[in-house]
Amino acid sequence: MTGFGATEPEVDLTTTVNGEEVDARVPARLHAADFLRHRLGLTGTHVGCEQGVCGMCTVLVDGQAVKSCLMLAAQLHGRDVRTVESLATGDDLNPLQRAFTEEHGLQCGFCTPGFLMTATALAERGVPVAREEIREEIAGVLCRCTGYEGIVRAIEGHLNGGAA
Amino acid sequence: MTALQPAPARTEATALPIGISVPRKEDERLLRGDGRFTDDVQPAHLLEMAVARCPYPHARIVSIDTSAAEQVDGVRQILVGADVLARTEPLTVLRPVPGAPKLPYYALAQEVAAHEGQPVVSVVATSRHIAEDAIELIEISYEPLPHVTDTLAALEPDAPVIHPGELASNLLVANPEGAGDPVVRLAEADVVVTDRFHVNRVTGLPMEPRAVVAQWRPGARELTVHSSTQVPHLMRKQLAEVLRIDESSIRVSASDVGGGFGLKLGIYPEDVLAALHAMTLRRPVKWVEDRMEHFRATTHAREAVHDFTIGATADGRITAMTNTYATDLGAWNSGFGSAQLSSVVFTGPYRVTDGYVERRVTVTNKTPIGAYRGYGQPEVNFPIERLVDRLARRLGMDPLELRERNMLRSDELPWKAVSGAVYDSGDYVRCLHMAAEAVDYAGLRRAGRGPRPDGRLVGVGLSSFVERTGYASARFLARRGSQFGAHESVTLRANRSGGVDLYTGVSSIGQSSETAFAQVVCGVLGIGYPAVRVHAGDTLGSPLNTGAFASRTMIAAAGALRDASLAFREKTLRIAAFRLSDGGSAGPVDPADLDVVDGEVVHRTDPRRRLRLSEVFSIAILGQGLPPEEEPGLEVTAHFEPPDAAYSFGTAAAVVAVDPDTGDYDIERFVMVHDAGTAVNPKIVEGQVRGGLVQGFGAALGEELRYDPDSGQLVNGSMMDYFAPTAADVPPIELLHTEVPSPVTTFGVRGVGEVGTIPPGAAVANAICDALADLGVELTRLPLTPESVWQAIRNARTARG
């Protein structure tokens with residue numbers, strides 16, 4: 001068994017990332033998080049476990065919060081992808097981002113993009129969510145720094161229009 | 001970034017903005033996905049490394065055949081143990097175990113690997129995928145050796161000796177300490193309570209795994225290492241020692257670090273390997289730990305077995321405490337080794353004059369143990385506080401009353417504990433009372449334990465603690481052979497935009513030091529908060545310092561920041577005074593009449609006389625228009641070592657409802673009363689305490705790294721199997737603070753980074769045992785799973801027939 005590098009199967013894909021169309025040829029086994037990070041330079045999406053548990057790599061695909069370490073890059077073909085880099089406009093943080101800083105919802109910041117994208121999907125559902133439900137909804141993203149209180153407060157305030 | 005309100009003219013140089021919750025400097029880049037973590041660094045022509053690891057707990061390496069792997073397209077280099085032996089020294093240790101022999105530990109295993117996950121072969125290729133493909137093709141023949149994973153079994157006479165070249169048994173060393181005559185006091189005691197307490201092996205589990213990018217420019221003899229580390233300057237020292245090159249050839253840069261918690265203190269084998277590959281290949285090499293590796297190759301924590309004893313008089317005066325404990329080192333001595341602070345605070349906040357503690361460091365065939373938030377203090381709090389409750393029951397006293405009776409009073413501080421620790425100041429009893437009042441302790445006692453209509457029993461538990469934060473001077477560290485100082489260092493440098501660049505070797509690991517450092521500079525200097533730019537964690541520009549661990553950063557850095565800011569301010573005002581007096585033609589101006597208000601120097605009584613800081617700083621930098629005798633430039637470096645450690649303190653109270661049939665329980669309330677001295681930024685303090693508490697709950701309630709004793713394998717080493725708390729798992733937490741300034745630190749700060757990890761285990765266990773007091777249940781093991789509670793209930797019922 002030799003020559004993996006030369007015979008690595010590749011696939012072509014066309015996808016929309018943060019509003020821009022992207023054409024790429026990638027190794028078939030490249031997962032979506034690595035594609036976003038290392039091919040597109042969108043390093044705000046982080047990788048923490050590659051098992052779909054920690055949630056660091058959460059992005060929006062067609063509006064759904066998904067763990068991009070569990071998707072192949074090829075599966076992004078024809079989809080609409082949004083990452084943390086899409087949230088701010090110019091120099092202005094969006095209301096959710098502002099709520100995170102006001103409520104001290106981040107410390108080391110490694111998990112922050114995962115929570116922001118999870119909360120963005122939650123907000124776009126447009127239904128009110130109680131505090132305890134928020135805790136359940138964001139349980140797919142882990143944080144070891146904050147104890148979650150600031151994160152929950154920020155999302156709660158944002159969903160209820162308080163932090164706009 | 002929100003600007004602070006412009007400060008009015010101030011009379012007190014340190015009046016602002018210390019004590020205010022300003023927005024964090026770190027937030028904006030992290031919220032935008034614009035942080036720079038190590039894996040975000042992607043130099044051109046990058047190669048990637050993967051590591052083959054020993055699958056056995058203990059094995060002799062018989063042969064390694066890399067021939068098939070070498071044929072894989074894209075593979076650039078393969079290193080084995082012999083390569084590492086020829087080119088490097090064993091990994092050096094930052095905090096050696098006092099009195100212990102060295103266990104030479106190379107970046108790749110030599111003849112024998114001593115734990116599952118120890119690196120054996122490293123491969124560098126054009127991608128991580130290809131490097132891992134190549135590892136699949138490497139044939140390593142192992143001869144499994146007898147192993148031992150249980151801490152106490154490792155100390156038995158028939159246990160296989162893991163390092164027979166250096167040790168006669170698996171006891172690395174025993175470190176005894178004490179004072180008075182505890183043996184006599186225990187013999188005289190009216191009541192003695194004693195038991196064995198098992199503290200679980202856990203991991204800090206930072207969300208960012210370890211990572212390193214190494215680049216070598218041979219012509220310049222320059223090794224640049226980007227690393228996810230808490231200690232860039234210490235890592236530089238260690239890399240120089242291990243790679244046999246001068247420190248001047250090494251730059252270590254940690255930009256953003258995705259959590260450390262003690263696990264990222266000093267070098268690991270993979271740091272050496274990435275550097276070695278990069279230096280021989282002349283190409284940048286990256287290694288990013290995957291999570292399966294993390295569970296086996298990054299330090300674990302806490303595991304210990306404490307044999308704790310308390311003696312007391314019949315009226316409830318504690319007369320002696322003894323604690324002999326085995327702390328599990330794992331297979332090798334990591335940078336910080338197993339926890340050392342269980343000995344320092346083993347008498348807790350109590351008035352104990354006769355005591356003895358012995359730390360028995362034990363080698364096992366498991367992943368090395370290292371520092372983790374608390375570093376021995378959560379471990380020892382569990383036996384102390386569990387036994388205090390048991391003593392109260394034996395004496396027929398209330399646990400609150402027994403604590404109050406034995407707790408040191410404010411006027412007894414400073415107090416030299418039997419370990420030699422000097423508790424600086426505080427009001428321990430006030431915290432105890434505040435916690436009791438907050439949970440309505442008296443009301444709960446009156447209401448009784450139930451059962452409630454649903455059959456559940458109600459209990460309340462307390463845990464009181466003192467916590468060492470920072471270090472008791474460089475002299476203290478020298479006696480223990482520690483390879484770092486007790487000081488911090490900062491450089492302030494003016495720029496022509498009117499701002500101040502602050503350089504620190506403290507990397508940003510989530511502790512918010514960029515924010516807190518800037519606050520101190522603003523407070524002393526008077527400059528606006530946005531005008532201070534913090535450049536953190538790069539050895540290239542920062543003064544040699546110690547690093548971000550031991551809740552010590554602010555304790556030491558506050559003094560360095562104050563001293564640098566005062567000197568910087570004085571020179572700024574001298575230059576401004578000279579310019580405002582127009583060389584004397586506009587009338588003399590005394591620098592003492594000037595103040596810095598946001599971006600300007602302003603005359604206190606004649607505010608028309610003012611000068612923009614950008615103008616003052618330009619004068620200094622250009623050297624044009626300086627007062628006679630004044631040196632050009634405006635840059636100050638200050639170093640500061642606090643005279644002693646500051647001890648934080650507090651009490652936690654838990655209220656639980658327990659189902660006596662299943663052992664399942666709910667934590668209905670958890671109140672934490674805590675004193676961190678002067679809070680530079682209250683919001684950051686709250687965040688640190690809450691974050692520590694949730695890690696503390698994780699370790700106390702559910703987390704445990706389990707090894708199968710027969711196979712020696714880690715059985716739950718993945719995120720799927722190791723249960724770190726999610727947002728839905730956190731009990732309700734109420735925080736209360738007191739603020740007694742420490743007399744041994746600048747501004748009276750105490751450390752705050754680790755305290756939350758300390759009380760959850762004992763407070764919750766005490767509450768459960770209180771609820772089940774009629775059954776005589778005594779919990780002695782962490783974690784407190786419902787299954788373990790059910791088992792304890794069953795055992796108690798069996799014992800009572």
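Just so it is clear, the structure is predicted and the values come from calculations on it, not from any experiment. Chain letters run A, B, ... following the sequence lines, proteins first, then strands; residues in each count from 1.
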Is chain A contacted by the side chain of [X], its backbone, both, or neither, given a heavy-atom distance below 4.5 Å?
{"X": "B:Leu31", "value": "both"}
{"X": "B:Ser21", "value": "neither"}
{"X": "B:Asp729", "value": "neither"}
{"X": "B:Gln42", "value": "side chain"}
{"X": "B:Ser508", "value": "neither"}
{"X": "B:Arg36", "value": "neither"}
{"X": "B:Gln688", "value": "both"}
{"X": "B:Phe261", "value": "side chain"}
{"X": "B:His294", "value": "neither"}

For this session: Please determine, by modelled atom types, if B:Thr515 and B:Glu26 share a side-chain donor-acceptor pair under 3.5 angstrom.
Result: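 Short answer, yes.
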Which one, [options], leads in non-hydrogen pairs under 4.5 Å with chain A?
{"options": "B:Ser127, B:Pro206, B:Pro725", "answer": "B:Pro725"}
{"options": "B:Ile684, B:Asp40, B:Val694, B:Leu30", "answer": "B:Asp40"}
{"options": "B:Val257, B:Asp34, B:Leu205", "answer": "B:Leu205"}
{"options": "B:Gly260, B:Gly33, B:Gly510", "answer": "B:Gly510"}

For this session: Answer with side chain, backbone, both or neither: which region of A:Val141 has an atom nearer than 4.5 Å to a non-hydrogen atom of chain B?
Result: neither
Problem set entry | Under 4.5 Å from a heavy atom of chain B, the part of A:Leu87 involved |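 Looking at A:Leu87, nothing touches chain B.
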Problem set entry | Donor-acceptor pair, side chain of B:Glu686 and main chain of B:Lys683, under 3.5 angstrom | no
Exercise. Any donor and acceptor pair, going by atom type alone, linking the side chain of A:Arg37 with main-chain N or O of A:Thr45 inside 3.5 Å?
Worked result: yes
For this session: Taking ring pair (Phe, Tyr, Trp, His ring centres under 6.0 Å) as the test, write out the residues that go with A:Tyr148, two or more places apart.
Result: none
For this session: For atom CG of A:Asp91, decide whether the heavy atoms of other residues, nucleotides or ligands shown that lie under 6.0 angstrom number more than 12.
Result: no
Exercise. Is the CD atom of B:Glu139 crowded by more than 12 outside heavy atoms at less than 6.0 Å?
Worked result: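 No, CD of B:Glu139 has 12 or fewer neighbouring heavy atoms, counting only those of other groups under 6.0 Å.
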For this session: Start with the C-alpha gap between A:Val26 and A:Glu10, add the side-chain angles, then the distance that decides, and say whether side-chain contact (heavy atoms from CB on, under 4.5 Å) holds.
Result: CA-CA 5 Å; A:Val26 299; A:Glu10 294 187 327; over 6 Å; no
For this session: For the residue pair B:Phe37 and A:His46, categorise the inter-ring angle as parallel (less than 30°), tilted (30 to 60°) or perpendicular (more than 60°).
Result: perpendicular
Problem set entry | For chain B, the option from A:Glu85, A:His38, A:Met56 that forms the most heavy-atom pairs under 4.5 Å | A:His38
For this session: Indicate, with yes or no, if the rings of A:Phe100 and A:Phe115 have centres closer together than 6.0 Å.
Result: no
Problem set entry | With B:Arg32 via side chain to side chain donor-acceptor pair (under 3.5 Å) - residues at least two apart |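 Counting only residues at least two positions away or on another chain, B:Arg32 forms a side chain to side chain donor-acceptor pair (under 3.5 Å) with B:Glu28.
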